[in-house]
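Take a look at the structure below.
Only a predicted model underlies this, so the values are computations on that prediction, with no experimental measurement involved. Numbers for residues simply follow the sequence, beginning at 1.
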Amino acid sequence: MQVTEKPFKVEVDPLFFVTVILMITFNYHIKYLLTFIALIIHEASHILVSLAQGGKLDSVKVFPIGLNAVFKDDFYGESNRFFINISGPLTNLLIFLVCFSINTYYLHRSDNMRFFILINIFLAIFNMLPVLPLDGGRIFRDILTSRIGLFKAYKYSRRVSKGLGLFIILIGIIQSYDNIYNFSLIFLGIYIFHFLKYEETEVYFMNIKNLVYKRSRFLKKGVYPGRELVVIKSMRLGDILKDMDFDRFHIIYVLDEDMRLAKVFTEQEVIDNLAKFDAEISFDELMKSLA
């Protein structure tokens, strides 16, 4: 029997309708529409590149500042996230160049076109800042993850994001005295802090999910990049998860107090024992129970 996949869900945030009403009320609807179109183009490029790499959409939600697409759980481990993240800014840059040429040679007096040009180049440059949840922040986080692990990467990328987010808010406050449109910088800075507030609790569960799905990806590929970790035997099993990468298979060397090798565990053995015992159990206690 052939199984038919369910189509992805489409949801609209209620704030989207509130925003549209406010923009119409303050006679800002044309500029908001142009901004929203640029944001849709930006997010659509991310979605298209993800689909081109074999991703399957789970849901799409419409927000006042664009789209948010969620893909199936088994996709991101095999995708090239760099191309996905860079596609948005590159598309805005391309739109900027095309529209700049059109406005230069055909629409010399089009204020809306000039605004659309500025929005696209702003999105291209702004999204490359190393700030979460911007594209540049995701690229920066992925680079750190490949070098120092998921949890440390999130820790350092969050610090950078908070610093730049505060700087953006301060610049927005200063410029809002001269131009009311610069209030958007304050909004963007607040949005960065709002995102970081709810992101931290998801990191731990996301790493566990990636570790679980890694087994199926490993069996499918037959080969997987590896990484070695050396721990003292008093370390808890739950703590080792913080140093594991989602795109590496780990071999864990356990040392005693004399820095001598006590035992070697594979990543899957650690995960299995976490499920069997408890995250608080130490490697020393685990080895004694297995003896």
Using the side-chain contact (heavy atoms from CB on, under 4.5 Å) criterion, which residues pair with K233? Sequence neighbours excluded.
V254, D256, E257, D284, M287
Closest non-hydrogen contact found for E285 with E280 is OE1-O, 4.3 Å
Nearest heavy-atom approach of S234 to S282 is O-CB, 3.6 Å
Would you say the side-chain atoms of D13 pair up with the backbone N or O of L15, donor to acceptor, closer than 3.5 Å?
yes
Donor-acceptor pair, distance only, cut-off 3.5 Å: does the side chain of Q53 make one with the backbone of S50?
no
same_hphob_cluster(F83, L48) at 4.5 Å side-chain heavy-atom cutoff:
no
Applying the 4.5 Å side-chain criterion to the ILVMFWY set and letting contacts propagate, would L34 and L118 be lumped into a single cluster?
no
Answer yes or no: is there a donor N or O on one side and an acceptor on the other, between the side chain of N85 and the main chain of R81, under 3.5 Å?
yes
E269 (side chain) donor-acceptor with T266 (main chain) under 3.5 angstrom
yes
Could you check whether atom NZ of K61 has more than 12 heavy atoms from other residues, nucleotides or ligands sitting under 6.0 Å from it?
yes
Would you check if L237 and L286 make a side-chain contact, meaning some heavy-atom pair closer than 4.5 Å?
yes
Kindly give the heavy-atom pair with the smallest separation between Y253 and E228, and that separation in Å.
OH-OE2, 3.4 Å
Do F63 and I21 sit in one hydrophobic cluster, given that two such residues count as connected whenever their side-chain heavy atoms are within less than 4.5 Å of each other, even indirectly?
no
Sub-4.5 Å side-chain heavy-atom contact between D111 and F115:
no
Find the distance between CD1 (I119) and CZ (F36) and round it off to the nearest 0.5 Å.
13.5 Å
Looking at H46 and I84, would you say the former's side chain and the latter's main chain have a donor-acceptor pair under 3.5 Å?
yes
Under 3.5 Å, side-chain donor or acceptor atoms of residues 92-100 against the rest of the protein: list the pairs with distances, not counting sequence neighbours.
from, atom 1, to, atom 2, distance (Å)
N92, OD1, H42, ND1, 2.6
N92, ND2, N120, OD1, 2.9

Going from CD1 on I121 to CG on L123, what distance comes out if it is rounded to the nearest 0.5 angstrom?
9.5 Å
Would you say L57 ends up clustered with I41 if hydrophobic residues are merged whenever their side chains have heavy atoms under 4.5 Å apart, either directly or through other cluster members?
yes
Of the non-hydrogen atoms in I102 and M113, which two are nearest, and what is the gap between them?
CG2-CE, 4.4 Å
